[in-house]
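Just so you know, ligand 1 is whichever comes first in the structure, and atom 1 is the first atom listed for that ligand.
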Amino acid sequence: MSNTQMREDEILEGIRAHDRRALAKMLSICENDPNLANVILDKLEKKRSHVIGITGSPGVGKSTLINAILDKMNQGVGENVNSIKDMGTATNKKKIGVIVVDPSSPFTGGALLGDRVRMQSHATEENFFIRSFANRGALGGLSPSIYEACDAFEAFGMDNVIIETVGVGQSEVEITNIADTVVVVLSPDNGDEVQMLKAGLMEIADLFVINKADNPRSQILLSRLRKMMITGDKDVVICLTNAVTGEGVEKLIKELDDRFFQILSNGVFSLKRKKRLLHHAQSIVRRELDELIQKFENDGTELKEIKKRLLEELCRKAHKNGS
Ligand SMILES: Nc1nc2c(ncn2[C@@H]2O[C@H](COP(=O)(O)OP(=O)(O)OP(=O)(O)O)[C@@H](O)[C@H]2O)c(=O)[nH]1
Ligand SMILES: [Mg+2]
């Protein structure tokens, strides 16, 4: 048995047994060897998680809000969508995976730790798992291994997978490819109203949060947002929160749970999942093409092998998708 095979079996067994160390290893494989990650993930049964993208301009309070969400869930707030009783904890608290996509350092390619530090108080709790990913290679977008990481959390049986991304550039669009629900966070002290219009955040939001509700100007932002919605064709829930005190966060969790059950019953969830599979396949193709370009200069014979692998991967994804 090869080393890789041993590692694979160990991880498979560990994830099925809800061993956090196996999940940590799996997430590292997602980051460093996404092809191997896909091979392992294919052997795992995936639970149905609600994948929530939290996006918004820098500093609006996304990390603080996620921290507040975890606080509330730790107190038992929120629906346990998977109803997993066998996760090694005798609790019915929600199981949450958090992915923080940090901008890459051009020097190290590594993830910045700032957001993780913000959520540090929850980092070691049994029912939560927080992981930072650098967005290396994906200019302005999400991490190239985000699809695999999301699958890994689902295989682990998380109720929610929360993805924090800075709402600039490509990541805004990309988050709609992977999340079942996109939460756009705005804050009154960020000149967000103008940015919102510019960046098309209006279109991608399934739910708005006006954070920093302790700032009186949040009421102005609220009424402007409502006005914009009247003229638009979308009726989106708006929640007001103070992420520092946790005010309004319970209501936000309830709105998120309500939306999850709604999209499960109206077919939107399965459409979102089809979209995610398609974009996952595309990300594999892009990755393979990058490899191809790198290798081609040295050895043209690689071309056939890579073409074959690409086709196999696409057929596998299409088959999984039921088409
Ligand atoms: N007054 C007030 N301050 C807040 C609130 N939420 C967050 N903050 C503060 O706003 C600052 C930025 O918060 P973060 O959670 O780091 O914001 P972020 O959106 O994650 O920022 P990036 O990850 O850099 O994009 C911190 O100093 C927080 O303490 C709030 O509801 N009210
Ligand atoms: Mg943050």
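Of the inter-residue distances, the one linking Ile69 atom CD1 with Ile96 atom CD1 reads 8.5 Å to the nearest 0.5 angstrom.
Each of the atoms 25 (O) of ligand 1 lies under 4.0 Å from some heavy atom of Pro58. Atom numbering of ligand 1 starts at 1 in the shown order; those under 4.0 Å from a heavy atom of Asn242 are 30 (C), 31 (O), 32 (N).
With a 4.0 Å heavy-atom cut-off, ligand 1 is reached by the side chain of Asp214 but not by its N, CA, C or O.
Residue Phe153 comes nearest to Gly97 through the heavy atom pair CE2-CA, 3.7 Å, listed as atom of the first residue, atom of the second, then distance. When all heavy atoms are compared, the tightest approach of Asn160 to Met73 is OD1-CE, 3.4 Å.
None of the N, O or S atoms belonging to Thr64 lies under 2.8 Å away from the Mg ion (ligand 2).
Residue contacts with ligand 1 include Gly59, since one or more of its heavy atoms lies under 4.0 Å from the ligand.
The nearest N/O/S atom of Glu164 to the Mg ion (ligand 2) is OE2.
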Determine, stepwise, if the pair Phe129 / Phe156 fulfils ring pair (Phe, Tyr, Trp, His ring centres under 6.0 Å).
CA-CA 10 Å; Phe129 202 104; Phe156 196 72; 7.1 Å; no

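For ligand 1, the polar-atom distance check finds an N/O of Ala243 within less than 3.5 Å of one of the ligand's N/O atoms.
Distance alone, capped at 3.5 Å, is enough to place a donor-acceptor pair between the Arg259 side chain and the Asp180 backbone.
Here Glu8 does not pair with Lys25 in a salt bridge; the nearest charged N to carboxylate O distance is not below 4.0 Å.
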